[in-house]
There are 2 protein chains.
Amino acid sequence: MKSYGQYCAIARGLDVVGDRWTVLIVRELLTGPRRYGDLQEGLPGIASNLLADRLRHLEQHGVIDRDSRGRYELTEWGQGLAEPVYALARWASPLMAEPAGDDQFRSTWLAPVVANRFGGVDPSRPDTTIEIHTGDSPMTIVSSQGRVHVRPGRADRPDLTISGPPEGVLGLLAGRLDKAAASERGVVIHGDIRRLNRLRGRSRRRPAS
Amino acid sequence: MKSYGQYCAIARGLDVVGDRWTVLIVRELLTGPRRYGDLQEGLPGIASNLLADRLRHLEQHGVIDRDSRGRYELTEWGQGLAEPVYALARWASPLMAEPAGDDQFRSTWLAPVVANRFGGVDPSRPDTTIEIHTGDSPMTIVSSQGRVHVRPGRADRPDLTISGPPEGVLGLLAGRLDKAAASERGVVIHGDIRRLNRLRGRSRRRPAS
DNA sequence: CTGCATCCGGGCCGATACTG
DNA sequence: CAGTATCGGCCCGGATGCAG
């Protein structure tokens, strides 16, 4: 895309990540290195040439590079996109109340939801393992040493298991739905749901603006 | 632009503000209501039909509306874009070290710089008035009741006056350049520069991540 | 004068086919 | 598996026109 030609950090940032699909590529890479094929899988609808173009562009501008196995990964600077991208997700979260309809869904997209609700480090946060079944493959939310993250695959012996359609499961994880409302939307819970909300530490309140 | 068709807050947010020029329109409106012509002035290079298209799109999606005088303004939800947009500016700020060159500049673009460096409320912050001369028109930074904001126009009796080319002035305001480095780039300072850095309150450190 | 709509050339996007 | 090549169509960009 053509540069905006403006001496402004926002415009110059958009010159780097403002192209169509680019932020979604970053979303995929925020949860770790990915191969070309992984990216195609996580970006339903993207054209192959566009993916190649975007990756080249991001690499040229120092947002991504290749790891020893040839996978794409964010540079240190690129990792910094977590803040604006997750802030966008927070702003847009009301839009998720609208049902998925024909929209695609991938389990890895749980990551921004979890990052926004359980982000940061809180030593008082209890260790917990939660298995999630929604979308194309199972995921596991792990709370360990005050930090919460999401990884693909099933858990060994989860404290809690949540299954159901994306609207219900994401609504529950985002805190937009309570247990009853999620159940109405087909979510099935095994274990004590309070395990989930206990992951929200005390230091999660945002500073006054 | 076509919807991404993904059940993900980031993708749905981009469906609303992901089009070319859209975020820059929001940047303009983050500092208050604007008329159509004001927006054209603050968005050098935008085509008239695109501006009209984007404004319609943003209004349809509840990001902006019209005030009593017919000006465009952000809705309450639209105001929430301050966080992701300013976070993007923070991420992209290293790109501002590259000189402006042929890039356009407008004085109102001081706003994101000031918001990122002096944002938030801090009761211990001293009251100060700083007049800035760079770009097309003078601007005034006002610290009052713990809050810092930027407005167009000159000050009555400023405590400090900063003049010079955008690279130098923005570098100084962003904290990327000190007084000496800014002077080398043609910045002229009248008054005590320490007035500026004193605007950074103690509560500005970001929480550990 | 402000706030758009129209028109059109060029470039980017999207889908598929193809290659090392 | 990891991209490259190709091509139709749509969107962007710049100029111009026009209605209130």
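Per chain, numbering begins at 1; letters A, B, ... match sequence-line order.
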| task | Between protein and nucleotides 6-19 of chain D, map the contacts as a letter string: B base, S sugar-phosphate only, - none, heavy atoms under 4.0 Å, written 5' to 3'. | result | B-----SBB-----
| query | Between A:Tyr4 and B:Trp21, what is the ring plane arrangement, given parallel below 30°, perpendicular above 60°, and tilted in between? | reply | perpendicular
| query | Mind checking whether B:His61 and B:His57 have parallel, tilted or perpendicular rings, split at 30° and 60°? | reply |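 Tilted.
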| query | Can a donor-acceptor pair be found between the side chains of B:Arg125 and B:Thr128 at a distance below 3.5 Å? | reply |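 Judged by distance alone, the side chains do not pair up.
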| Going by atom types alone, do A:Gln40 and A:Arg35 pair a side-chain donor with an acceptor below 3.5 Å? | no
| request: Report the distance from atom CG of A:Leu55 to atom P of D:dT4, rounded to the nearest whole Å. | output: 10 Å
| said: On the nucleotide D:dC1, are OP1 or OP2 found under 4.0 Å from the side-chain N or O atoms that A:Arg69 carries? | reply: no
| said: As an exercise, state the distance from CG of B:Leu50 to OG1 of B:Thr22, rounded to the nearest 0.5 Å. | reply: 9.0 Å
| message | For A:Glu131, run the salt bridge (charged side-chain N to carboxylate O under 4.0 Å, His left out) check against A:Arg151, A:Arg154, A:Arg195 and tell me which one passes. | response |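 Only match with A:Glu131 under salt bridge (charged side-chain N to carboxylate O under 4.0 Å, His left out): A:Arg154.
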| said: If the threshold is 4.0 Å, N to carboxylate O, is there a salt bridge linking B:Glu28 and B:Arg34? | reply: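 Salt bridge: yes.
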| request: Identify whether any heavy atom of A:Arg34 sits under 4.0 Å from a base atom; if not, whether one sits that close to sugar-phosphate; answer base, sugar-phosphate or nothing. | output: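 It contacts nothing in the nucleic acid.
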| query | Contact boundaries of DNA chain C with chain A (under 4.0 Å, heavy atoms), 5' to 3'? | reply |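 The contacted stretch runs from C:dC13 to C:dA15.
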| query | So which nucleotide from D:dT4, D:dG3, D:dA2 ends up closest to the side chain of A:Arg56? | reply | D:dT4
| B:Ile189 side chain near B:Thr161 side chain, heavy-atom distance below 4.5 Å | no
